[in-house]
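Bear in mind that the values here come from a model prediction, so they are computed numbers and not experimental data.
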Amino acid sequence: MKAQDVLPDDVNQGEFQGVMVRKGTVGAFLANARAWCDAAATPEHREAAGRDIAQALPALRALGLFEVLQLRDPALRAWVEAH
């Protein structure tokens, strides 16, 4: 399966398990996860990344991301599981 099989180029969002998911959600999560885990990140940057991750969790769960992949960072994994 290719990306365009899930969401064609001209479609920016789709419904998965009853949740609307925007194209780019997984990519944004990865960027925010890196920021959240970055020891050099400012507290404000880390907090903003955490807010964005929290908002994306319903979509990521609807996609089944955490059923297939496990977060390697134990602190981030615990934080995500707690939210």
Side-chain angles (χ1 to χ4, degrees):
M1 179 175 288
K2 297 182 181 184
Q4 64 266 23
D5 297 330
V6 178
L7 286 177
D9 290 340
D10 62 332
V11 177
N12 291 318
Q13 63 186 15
E15 186 173 327
F16 299 85
Q17 296 190 33
V19 177
M20 289 304 292
V21 180
R22 287 183 46 96
K23 191 179 282 186
T25 299
V26 174
F29 167 72
L30 294 172
N32 285 316
R34 284 187 204 97
W36 194 92
C37 293
D38 184 357
T42 65
E44 296 80 14
H45 191 149
R46 192 167 187 252
E47 186 177 312
R51 279 193 308 271
D52 291 341
I53 291 170
Q55 288 177 344
L57 286 176
L60 298 169
R61 289 183 174 125
L63 291 171
L65 183 71
F66 305 119
E67 294 171 19
V68 176
L69 303 175
Q70 182 181 47
L71 297 173
R72 290 174 53 178
D73 184 276
L76 179 59
R77 185 172 54 247
W79 187 90
V80 165
E81 289 171 357
H83 288 80

Q: Any chance you could measure Leu71, atom CG, to Glu81, atom CD, to the nearest 0.5 Å?
A: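 Spacing of CG (Leu71) from CD (Glu81) equals 8.0 Å.
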
Q: Start with the C-alpha gap between Arg61 and Val80, add the side-chain angles, then the distance that decides, and say whether side chain to side chain contact (heavy atoms under 4.5 Å, CB included) holds.
A: CA-CA 11 Å; Arg61 289 183 174 125; Val80 165; 4.0 Å; yes

Q: Determine whether a donor-acceptor pair (N or O, by modelled atom type, separation under 3.5 Å) exists between the side chain of Asn32 and the backbone of Ala28.
A: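 Checked: pair present.
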
Q: Backbone N or O of Ala49 within a donor-acceptor pair of the Asp52 side chain at under 3.5 Å?
A: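 Pair absent, no side-chain N/O of Asp52 close to backbone of Ala49.
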
Q: Can you see which heavy atom on Ala35 is nearest to which on His45, and at what distance?
A: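 Ala35 and His45 have their closest heavy atoms at CB-NE2, 3.5 Å.
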
Q: Roughly how far, to the nearest 0.5 Å, is CD1 of Ile53 from CZ of Arg46?
A: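 Answer rounded to 0.5 Å: 9.0 Å.
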
Q: Enter the distance from Arg77:CZ to Arg72:CZ here, rounded to the nearest 0.5 Å.
A: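 If we round to the nearest 0.5 Å, Arg77:CZ and Arg72:CZ are 10.5 Å apart.
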
Q: Does any part of the side chain of Arg22, heavy atoms only, come nearer than 4.5 Å to the side chain of Asn12, both counted from C-beta?
A: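 Sidechains of Arg22 and Asn12: no contact.
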
Q: Restricting to non-hydrogen atoms, name the atom on Trp79 and the atom on Gly50 that form the minimum distance, rounded to 0.1 Å.
A: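 Closest approach of Trp79 to Gly50, heavy atoms only: CH2-O, 3.1 Å.
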
Q: Rounded at 0.5 Å granularity, tell me how far CH2 in Trp36 sits from CZ in Arg51.
A: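 Atom-to-atom, Trp36:CH2 and Arg51:CZ are 14.5 Å apart.
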
Q: Do Phe16 and Val6 have side-chain heavy atoms sitting under 4.5 Å apart?
A: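 Yes; the side chains approach each other to less than 4.5 Å.
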
Q: So, do Gln13 and Lys23 sit near enough that their side-chain heavy atoms are less than 4.5 Å apart?
A: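 Sidechains of Lys23 and Gln13: no contact.
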
Q: Rounded to the nearest 0.5 Å, how far apart are CD of Gln55 and NE2 of His83?
A: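 Atom-to-atom, Gln55:CD and His83:NE2 are 11.5 Å apart.
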
Q: Taking side chain as C-beta onward, heavy atoms only, is Asp73 less than 4.5 Å from Arg34?
A: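 In short, these two side chains do not touch, never coming nearer than 4.5 Å.
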
Q: In terms of hydrophobic clustering (I, L, V, M, F, W, Y; side-chain heavy atoms under 4.5 Å; direct or indirect links), are Met20 and Leu57 co-clustered?
A: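 Result: no, two separate clusters.
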
